[in-house]
Participant: 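Got a structure for you, written out below as structure tokens; questions coming shortly.
It should be emphasised that the depicted structure is a prediction, and the values quoted were computed from it without experimental measurement. Here is how names work: the chains are called A, B, and so on, in the same order as the sequence lines, proteins then strands, and each is numbered from 1.
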Number of protein chains: 2
Amino acid sequence: MTEPKMELNPRSSSILEAVVHDHIATAEPVGSRTIAKKYKFGLSPATIRNIMADLEEMGYLSQPHTSAGRVPTDRAYRFYVNHLLESHHFPKVKNPVVEATLQSIHEFNELMKETSVFLSQLSNQAGIVLIPNLKKTVFKRIEFIHLTGSRVLVIFVAESGLVHKKTIELDRPISQNTLEKISNLVTEQMAGLTLQEIRKKLVKMMEEEKTQFDELLNQAVKLSQKAFENEEGESEVYVRGTLNILNQPEFASIERMKALFKAFEEKSILIQILDKCLEEDQNVKVTIGSENCIEEMEDCSLVTSTYKYGNMSVGVLGIIGPKRMDYSRVIPVVGYMAKLISNLLTNS
Amino acid sequence: MTEPKMELNPRSSSILEAVVHDHIATAEPVGSRTIAKKYKFGLSPATIRNIMADLEEMGYLSQPHTSAGRVPTDRAYRFYVNHLLESHHFPKVKNPVVEATLQSIHEFNELMKETSVFLSQLSNQAGIVLIPNLKKTVFKRIEFIHLTGSRVLVIFVAESGLVHKKTIELDRPISQNTLEKISNLVTEQMAGLTLQEIRKKLVKMMEEEKTQFDELLNQAVKLSQKAFENEEGESEVYVRGTLNILNQPEFASIERMKALFKAFEEKSILIQILDKCLEEDQNVKVTIGSENCIEEMEDCSLVTSTYKYGNMSVGVLGIIGPKRMDYSRVIPVVGYMAKLISNLLTNS
DNA sequence: GGTTAGCACTCTACGAAGCTTAGTGCTAAA
DNA sequence: TTTAGCACTAAGCTTCGTAGAGTGCTAACC
């Protein structure tokens, strides 16, 4: 579906807005009489019927059945979001409690978990946060800690405050003392680099190491290799407040619900969608219904925004709810939270 | 409700078993005709009706309405689990794929997450795992790592392999170098102790420190205090495979579902129940319906077992599903997984 | 005395019929 | 171009009747 060539004239556009607006409020198909009564266009139901018939022909509205009112299509929501919502009419969002609470959390993952909770509470939808994966990370420290036997815990600390841990298994035990030296050595070499740069550097170090044999360096390279292998893909996502969605009338049917919860349980689906948002890196992005290409979620919309560490977008946060959501309330919430988190990450 | 004084005679008992068995299989109220036909007692429906009426009087069966068949009560399930299931008839559970997969996971939390997935898959119910909290932990290393400014990452490593992290904020920055020394000092002092013992030791060290002033020791004590404060209560629980429960006919009603998912989202409810299981520390424990005292879960049963590190029970794993579940299949699964995890934790 | 056949009774589930209601499309007049 | 009017449609609700499953009770049977 492409945008229709034919422009909507102002009157049709207003009617469409009214239909979308009313449907968002009531969750019911909207009839011509309702529009005529509630919204003072000075037109009779008959006229509005004609216009609605036109809008249906153009693909903006559809009828569940012959004698029902009209329901907005995905295209209608898209038009509504792109052309009818005016950002200067958005309510200002500012919540001191949220700000204070988030400021008091020092642990990165805790911060993000709490963020997803607030997103869901402020929007009355489900809140989602995609945690930065290591690809986007500039490392600050790499720490090796001895566990049991030849098992070693690796702690990655990113400049952004993100902490990631991993366990690796060696051929033979290494003492905590040596591990400390290695930690410092590796950190010295790798601090300030991204995963990709570290990979390159590792190759280079291996070659150097061949010429000038150094036991410690040798071990350091080996450990780093184990530490950094298989570490690109891992993304994590927090979803909170899914109950909010359950309360929406459109998910009263068990089958819909199941499909949706399947998508939530299979986090990989969500990650896939959110990764796409991260790549596109828009301010606040709205993905409506089937635009997200996941069958289970064709009744849902996402409102997302990337959040930044410094100048780099490192993750995505937002909300997920039925297509029929109050975009004018939700969009500023997501924008607000993204800015808030970006500030918190960058200035701390 | 206490156990009834009056013993069930063998015939009533068999009939009760048949009713429970059939209801588990069909999810429908069970009538006298069904029992007479499917289970060859050599009795007519009328006789069975009489017996079922007796069983109802004794509180083992109930009727949804006058002309429906009978449904087992909680007491019936309890009797079934306690007296009618014979563990030597349980199917043997052994799954090489599960064993191999779990063996290959080195990270504690990953291991537990995967365990909850396997629990759900093997039982066709929702799998749950309660992670050990620090109360039950014997510490092995405590590591302080410098983050940004005066922020310090604390890594707790338990003997069991459990790794817990936390961020603390100091009055003023401390260099990584000093932190390393403090890490070693604190580890030296605290290794092998439990949280409670560490608390005691900290008080003692504070007093000592007053008499013989030592800058490093001073800092170490301060950091430890911050690290160990507010760390008792935190429990974590993994729930996987909730979709399995959605497919059970008794949760076809939206309202039931919502109640259940509310309980799942509010992890604190689950933690409360599981903590109780941990205290009681039975082998495999079955909690039926209203026995768990949580209104939202009165249609559910839990089958749980503690898992051990060495001789100490440190956590709980199990499954959660409708009361009407196949206990004879589920109980051995939980037992198997508990043993498997205990072995993995202890011998590694 | 326990067991069973028979029968009246009860309640639910299901479907058809009928009514109401919301909303449409079309036509003809303003 | 707009509007009033009207015929039409489909869904939802209610009512009613029926079929079916299952019970409890009684009386007969072994």
Participant: I'd like to know whether NZ of A:Lys267 has more than 12 heavy-atom contacts from other residues, nucleotides or ligands below 6.0 angstrom.
Facilitator: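 More than 12 heavy atoms, drawn from other residues, nucleotides or ligands, come within 6.0 Å of this atom.
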Participant: If you measure from the Lys or Arg side-chain nitrogens to the Asp or Glu carboxylate oxygens, is any gap between B:Arg256 and B:Glu250 under 4.0 Å?
Facilitator: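 Salt bridge flag = no for B:Glu250 with B:Arg256.
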Participant: Whole-Å distance between D:dT3 C1' and A:Ile35 CD1?
Facilitator: 18 Å
Participant: Rounded at 0.5 Å granularity, tell me how far CD1 in B:Ile288 sits from OH in B:Tyr80.
Facilitator: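 Reported to 0.5 Å precision, the distance equals 10.5 Å.
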Participant: Ignoring hydrogens and angles, answer whether the base of C:dG6 and the side-chain atoms of B:Arg49 contain a donor-acceptor pair closer than 3.5 Å.
Facilitator: yes
Participant: Quick check: on DNA chain C, is the nucleotide nearest A:Thr34 upstream (toward 5') of the one nearest B:Ser44, or the reverse? Name the residue that is more 5'.
Facilitator: B:Ser44
Participant: What is the distance, to the nearest angstrom, from the CZ atom on B:Arg70 to the P atom on C:dC11?
Facilitator: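 Computing the B:Arg70:CZ to C:dC11:P distance gives 14 Å.
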Participant: Considering every strand and a 4.0 Å limit on heavy-atom distances, what is the contact class for A:Thr47: base, sugar-phosphate, or nothing?
Facilitator: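 Answer is base: heavy atoms of A:Thr47 come under 4.0 Å of a base.
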Participant: For the side chain of A:Ser67, counting heavy atoms from C-beta on, which of C:dA5, D:dA10, D:dC6 is nearest?
Facilitator: D:dA10
Participant: So which nucleotide from D:dT3, C:dT10, D:dT2 ends up closest to the side chain of B:Thr66?
Facilitator: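 Given the options D:dT3, C:dT10, D:dT2, the side chain of B:Thr66 is closest to C:dT10.
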Participant: To the nearest Å, give me how far apart CD (B:Glu28) and P (C:dC11) are.
Facilitator: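 So the two atoms are 20 Å apart, to the nearest Å.
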Participant: Could you state the atom-to-atom distance from NZ of B:Lys37 to P of D:dA21 in whole Å?
Facilitator: 9 Å
Participant: Rounded to whole Å, how long is the line connecting atom CD of B:Gln63 with atom C1' of C:dT10?
Facilitator: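 Result: 11 Å.
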Participant: Rounded to whole Å, how long is the line connecting atom NE2 of B:His65 with atom C1' of C:dA13?
Facilitator: 9 Å
Participant: How far apart are the closest heavy atoms of B:Lys258 and A:Leu243, and which atoms are they?
Facilitator: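 B:Lys258 and A:Leu243 have their closest heavy atoms at O-CD2, 3.9 Å.
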Participant: Quick check for you: among D:dA4, D:dG24, C:dT24, whose closest atom lies nearest to any side-chain atom of A:Ala46?
Facilitator: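 Comparing D:dA4, D:dG24, C:dT24 against the side chain of A:Ala46, the answer is D:dA4.
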Participant: A:Glu57 has an atom CD; how far is it from atom C1' of C:dT24, in whole Å?
Facilitator: 15 Å
Participant: Rounded to the nearest angstrom, tell me the gap between atom CG in A:Leu55 and atom P in C:dG25.
Facilitator: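 Atom CG in A:Leu55 sits about 12 Å away from atom P in C:dG25.
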Participant: Determine the interplanar angle of the A:Phe79 and A:Tyr60 rings, folded into 0 to 90°, and report it as parallel if under 30°, tilted if 30 to 60°, perpendicular if over 60°.
Facilitator: perpendicular
Participant: Per the atom types in the model, does the base of D:dG22 pair as donor or acceptor with the side chain of B:Arg33 at under 3.5 Å?
Facilitator: no
Participant: Looking at B:Ser32, I'd like to know whether one of its side-chain N or O atoms comes within less than 4.0 Å of OP1 or OP2 on D:dT23.
Facilitator: yes
